[in-house]
Colleague: 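Can you keep this structure in mind? I'll have questions shortly.
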Amino acid sequence: MLDAKMIRANPEKVEKGLEKRNIKGALKEFLELDEERRKILIKVEELKNFRNSASKEVGKMKKEGKDPQELMEKVRQVGDEIKELDDKLASIEEEIEKILLGLPNLPHESVPIGEDETSNVEVRRWGEPRKFDFEPKAHWDLGVELDILDFERAAKLSGARFTVYKGMGARLERAIINFFLDVHTREHGYTEILPPFMVNAHCMTGTGQLPKFAEDMFKVEGREMYLVPTAEVPLTNLHREEILDAKDLPIYFTAYTPCFRAEAGSHGRDTRGVIRQHQFNKVELVKIAEPDKSYDELEKMTRDAERVLQLLGLPYRVVLLCTGDMGFSAAKTYDIEVWLPSYNEYKEISSCSNCEDFQARRANIRYRPSPKDKPRYVHTLNGSGVAVGRTLAAILENYQQEDGSVLVPEVLVPYMGGIKVIKREEM
RNA sequence: GGAGAGAUGGCCGAGUUGGUCUAAGGCGCUCGACUCGAAAUCGAGUAGACGGGUAAAACCGUCUCGUGAGUUCGAAUCUCACUCUCUCCGCCA
């Protein structure tokens with residue numbers, strides 16, 4: 001959520017920022033409502049001031065044995081007026097809230113301006129895409145032939161965009177999860193969290209999924225509960241409605257969770273394999289940081305995510321998203337894209353964002369810079385560390401051999417119980 | 001699912017015959033005194049949001065005692081609904 005006071009003070013600047021994100025003329029209504037709100041507020045507070053002092057006077061008169069009837073009647077009339085203005089104020093504030101909750105974050109000045117992903121800027125590359133001396137297969141063929149991924153039976157259980165992992169497939173997925181968590185907790189200083197996979201609407205509003213993106217989520221029937229679309233939601237909301245100590249910052253959290261997405265509007269994209277699923281596994285990184293350090297933390301977090309791909313030997317590149325391609329809550333985002341032979345291009349496997357105080361304001365997460373200071377909003381960051389299913393796909397495709405077997409990356413061998421090659425097991 | 005108890009400031013906790021509650025007290029924290037320094041001790045200060053005000057402050061007002069509504073001239077205190085927590089019982093991985 002954007003700061004109402006800040007919008008009031010710099011409407012042109014905010015308008016420009018929103019235009020970079022292809023949103024035009026969003027502020028006119030806000031500014032009108034905001035001004036009306038203040039007008040009514042001043043008036044109603046004056047009336048309340050009168051009521052408060054008059055009520056005290058009534059109490060005093062009664063004690064002194066005087067008759068307060070006349071004054072009581074007057075205050076009653078003022079009370080009616082107050083009620084009317086309060087109602088009006090409440091509906092205006094509701095309107096304002098609705099507008100503010102629907103506006104995306106403003107892009108950081110370093111973010112390139114553009115309509116869509118074609119304006120994204122490549123920042124760096126790591127590794128060389130492998131040259132195959134045979135025709136490489138896609139992971140959806142490899143997985144089925146190795147009998148470790150089963151899309152048909154997954155459809156029987158749940159429908160399209162679900163996957164059953166079997167045998168070494170399930171084992172590999174689990175190995176990747178544990179490997180990611182170990183690297184981030186042991187080497188990068190994150191605290192592991194195992195959060196609930198269902199959260200309430202407050203959390204979803206706090207991180208920005210609600211109210212605008214309700215369609216993208218799975219809601220639990222008959223309850224105000226949602227399946228988490230990413231661990232960013234529970235992790236960021238852990239400190240919702242809290243005032244933190246500056247000495248406790250920055251806070252680093254990591255969590256493995258399944259992620260549930262309705263993927264409304266993505267029909268026909270990435271239909272094959274595990275790339276785009278209604279349920280997928282992800283290890284997430286979340287940071288809560290002081291405002292002046294958040295951009296350093298974003299760089300570090302991106303490196304943390306890159307690190308696991310380096311250890312796995314998977315070629316990738318880092319891309320700075322342009323204004324039109326960024327998510328709703330982000331001020332700046334780096335995508336990490338892993339090389340996928342089946343796509344013959346780099347494919348997103350992680351997204352690392354600084355949301356500045358956008359989520360902190362919605363979720364009311366503050367800190368006290370020093371004991372004497374007023375509370376300030378923290379900055380929140382989140383990044384995939386990284387998507388597990390896509391990592392599995394990248395491993396299958398990048399480590400495949402001509403006979404259809406797949407080498408296990410060296411760092412994963414201990415997590416695979418010493419197994420170095422995944423090959424078809426005869427049943 | 002049944003029965004009961006409860007929710008107060010950064011934390012703990014008092015306060016319900018409605019009216020100096022502008023919420024006692026403690027802890028924590030900040031500043032000061034004492035000290036070579038620290039601890040201990042003593043003194044002072046210490047909630048947030050919104051609006052006005054100011055160059056910035058000071059300052060003024062409104063709201064907030066789980067959330068929402070209601071009664072009243074006036075609500076932490078009375079009424080209703082909801083949410084959450086705890087205890088006991090039942091069921092259960």
Side-chain angles (χ1 to χ4, degrees), chain A residues 1-9 30-101 194-206 210 219-220 222-226 234 237-249 251 288 290 357 359-378:
Chain A
M1 189 157 61
L2 301 178
D3 181 4
K5 273 191 253 180
M6 192 268 291
I7 301 177
R8 196 185 298 147
F30 166 83
L31 292 169
E32 285 168 4
L33 287 168
D34 183 59
E35 185 154 349
E36 200 184 342
R37 170 180 174 268
R38 273 186 298 161
K39 265 191 211 152
I40 297 174
L41 194 61
I42 289 168
K43 184 146 185 214
V44 79
E45 286 188 354
E46 237 168 65
L47 294 175
K48 283 179 178 174
N49 187 12
F50 167 75
R51 181 174 69 181
N52 288 344
S53 52
S55 291
K56 268 182 196 158
E57 185 64 24
V58 168
K60 214 197 269 175
M61 287 171 83
K62 279 193 175 174
K63 220 172 252 174
E64 292 168 353
K66 295 180 189 160
D67 180 15
Q69 278 306 325
E70 203 179 316
L71 187 54
M72 281 166 70
E73 182 51 38
K74 179 132 193 237
V75 177
R76 189 177 299 136
Q77 283 168 13
V78 171
D80 291 342
E81 205 179 332
I82 288 173
K83 191 167 176 141
E84 202 176 302
L85 288 174
D86 262 345
D87 287 348
K88 208 165 161 189
L89 201 56
S91 76
I92 289 173
E93 283 176 349
E94 200 178 315
E95 279 298 304
I96 289 174
E97 175 98 343
K98 213 167 117 191
I99 292 171
L100 290 180
L101 284 175
L194 184 57
F197 300 162
M198 283 190 256
V199 297
N200 60 33
H202 293 290
C203 293
M204 289 299 189
T205 305
L210 286 180
K219 189 175 180 205
V220 179
R223 287 173 179 267
E224 280 301 309
M225 298 272 273
Y226 299 82
N237 278 283
L238 273 176
H239 291 297
R240 181 157 50 83
E241 308 288 343
E242 290 185 27
I243 299 172
L244 303 164
D245 280 343
K247 66 176 159 49
D248 295 330
L249 300 179
I251 292 171
I288 298 176
E290 294 185 69
D357 63 5
Q359 293 178 326
R361 185 169 281 109
R362 289 172 160 247
N364 200 23
I365 311 169
R366 293 173 294 173
Y367 81 109
R368 222 180 273 282
S370 91
K372 282 183 275 184
D373 291 322
K374 291 222 157 220
R376 275 190 76 181
Y377 289 111
V378 298

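Residue numbers start from 1 in every chain, and the chains themselves are labelled A, B, ... in the order their sequence lines are given, proteins ahead of strands.
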Colleague: B/U77 and B/C88: how far apart are their C1' atoms, nearest whole angstrom?
Modeller: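 Straight-line distance between the two C1' atoms is 29 Å.
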
Colleague: In whole Å, what separates the C1' atom of B/A76 from that of B/A14?
Modeller: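 Taking atom C1' in both B/A76 and B/A14, they lie 12 Å apart.
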
Colleague: May I ask you to say whether A/Glu45 pairs ionically with A/Lys48, meaning some side-chain N is under 4.0 Å from a carboxylate O?
Modeller: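 Between A/Lys48 and A/Glu45 there is no salt bridge, as every charged N stays at least 4.0 Å from the carboxylate O atoms.
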
Colleague: For the side chain of A/Lys62, counting heavy atoms from C-beta on, which of B/U62, B/G19, B/G52 is nearest?
Modeller: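 Minimum distance to the A/Lys62 side chain belongs to B/G19.
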
Colleague: Establish, with yes or no, whether the OP1 or OP2 oxygen of B/U62 is under 4.0 angstrom from a side-chain nitrogen or oxygen of A/Asn49.
Modeller: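 So the side-chain polar atoms of A/Asn49 do come within 4.0 Å of the phosphate oxygens OP1 or OP2 of B/U62, strictly under.
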
Colleague: Any donor and acceptor pair, going by atom type alone, linking the side chain of A/Asp357 with main-chain N or O of A/Tyr377 inside 3.5 Å?
Modeller: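 No: the side chain of A/Asp357 does not pair with the backbone of A/Tyr377.
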
Colleague: Under 4.0 Å from OP1 or OP2 of B/G52: is there any side-chain N or O of A/Lys5 that close?
Modeller: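 No, outside the criterion.
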
Colleague: Taking only the side-chain nitrogens and oxygens of A/Arg76, find out if one of them lies under 4.0 Å from OP1 or OP2 of B/U72.
Modeller: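 Checking A/Arg76 against B/U72: no side-chain N or O falls below 4.0 Å of OP1 or OP2.
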
Colleague: More 5' along RNA chain B: A/Glu73 or A/Lys48, using each one's nearest nucleotide?
Modeller: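 The answer here is A/Lys48.
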
Colleague: In whole Å, measure the gap between the C1' atoms of B/G13 and B/A24 for me.
Modeller: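 Rounded to whole Å, the distance is 10 Å.
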
Colleague: Would the distance check show the side chain of A/Asp34 and the main-chain N or O of A/Arg37 forming a donor-acceptor pair, the cut-off being under 3.5 Å?
Modeller: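 A pair under 3.5 Å: no.
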
Colleague: Side chain of A/Arg366, heavy atoms from C-beta onward: which of B/G61, B/A49, B/A47 has the nearest atom to it?
Modeller: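 Out of B/G61, B/A49, B/A47, the nucleotide with an atom closest to A/Arg366's side chain is B/A49.
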
Colleague: Looking only at atom C1', what distance separates B/U71 and B/A81, rounded to whole Å?
Modeller: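 The answer is 15 Å between these two C1' atoms.
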
Colleague: For A/Arg368 and A/Asp373, indicate whether the former's side chain and the latter's backbone hold a donor-acceptor pair under 3.5 Å.
Modeller: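 Checking the backbone N and O of A/Asp373 against the side chain of A/Arg368, a donor-acceptor pair under 3.5 Å is found.
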
Colleague: Given B/G52, B/G74, B/G19, which nucleotide is nearest the side-chain atoms of A/Val58?
Modeller: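 Per side-chain heavy atoms of A/Val58, the pick is B/G19.
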
Colleague: Counting any heavy atom closer than 4.0 Å, what does A/Pro68 reach on the DNA or RNA strands: base, sugar-phosphate only, or nothing?
Modeller: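 A/Pro68: no heavy atom of the nucleic acid under 4.0 Å.
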
Colleague: Want to settle it: does A/Asp34 or A/Val75 sit nearer the 5' end of RNA chain B, counting the closest nucleotide to each?
Modeller: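 Nearest-nucleotide comparison on RNA chain B picks A/Asp34.
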
Colleague: Distance between the P atoms of B/U79 and B/A75, in whole angstroms?
Modeller: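 Each nucleotide's P atom is 15 Å from the other's.
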
Colleague: Using purine N1 to pyrimidine N3 plus N6-O4 or O6-N4 for Watson-Crick, or N1-O2 and O6-N3 for G-U wobble, both under 3.5 Å, which nucleotide pairs with B/A47?
Modeller: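 Paired with B/A47, as far as the under-3.5 Å criterion goes, is B/U64.
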
Colleague: Taking only the C1' atom of each, what is the distance from B/G26 to B/G15 in whole angstrom?
Modeller: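 These two C1' atoms come out 15 Å apart once rounded.
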
Colleague: Quote, to the nearest angstrom, the P distance that separates B/C84 from B/C91.
Modeller: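 Pairwise P distance, B/C84 against B/C91, rounds to 24 Å.
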
Colleague: Who does B/G32 pair with, Watson-Crick or G-U, both distances under 3.5 Å?
Modeller: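 Matched B/G32 with B/C42 under the 3.5 Å cut-off.
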
Colleague: Sticking with atom P, work out how far B/C63 lies from B/U22, rounded to a whole angstrom.
Modeller: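 The same atom, P, in both gives a distance of 11 Å.
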
Colleague: Nearest of B/U62, B/C73, B/G48 to any side-chain atom of A/Asn52?
Modeller: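 When the side chain of A/Asn52 is considered, B/U62 is the closest of B/U62, B/C73, B/G48.
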
Colleague: Quick check: does any side chain N or O of A/Arg362 sit under 3.5 Å from a backbone N or O of A/Leu101, one acting as donor and the other as acceptor?
Modeller: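 It does hold such a pair.
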
Colleague: Please determine if A/Asp3 and A/Lys5 form a salt bridge, counting it only when a charged side-chain N lies under 4.0 Å from a carboxylate O.
Modeller: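 Answer for the salt bridge query: no.
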
Colleague: Look at all strands and tell whether A/Lys39 reaches a base, only sugar-phosphate, or nothing, counting heavy atoms closer than 4.0 Å.
Modeller: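 Here A/Lys39 touches no strand at all.
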
Colleague: Below 3.5 Å, does any donor atom in the side chain of A/Lys374 face an acceptor in the base of B/G48, or the other way round?
Modeller: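 There is none.
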
Colleague: Remember a base hit wins even if backbone is also touched, and classify A/Ile42 as base, sugar-phosphate or nothing at under 4.0 Å, heavy atoms.
Modeller: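 Contact class for A/Ile42: sugar-phosphate only.
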
Colleague: For the side chain of A/Arg38, counting heavy atoms from C-beta on, which of B/G70, B/C50, B/G52 is nearest?
Modeller: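 Comparing B/G70, B/C50, B/G52 against the side chain of A/Arg38, the answer is B/G52.
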
Colleague: Looking at the side chain of A/Ser55, which of B/G51, B/C73, B/A47 is the nearest nucleotide?
Modeller: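 Given the options B/G51, B/C73, B/A47, the side chain of A/Ser55 is closest to B/C73.
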
Colleague: Taking only the side-chain heavy atoms of A/Arg368 (C-beta and beyond), determine which of B/C50, B/G52, B/A47 contains the nearest atom.
Modeller: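 Shortest atom-to-atom distance from the side chain points to B/A47.
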
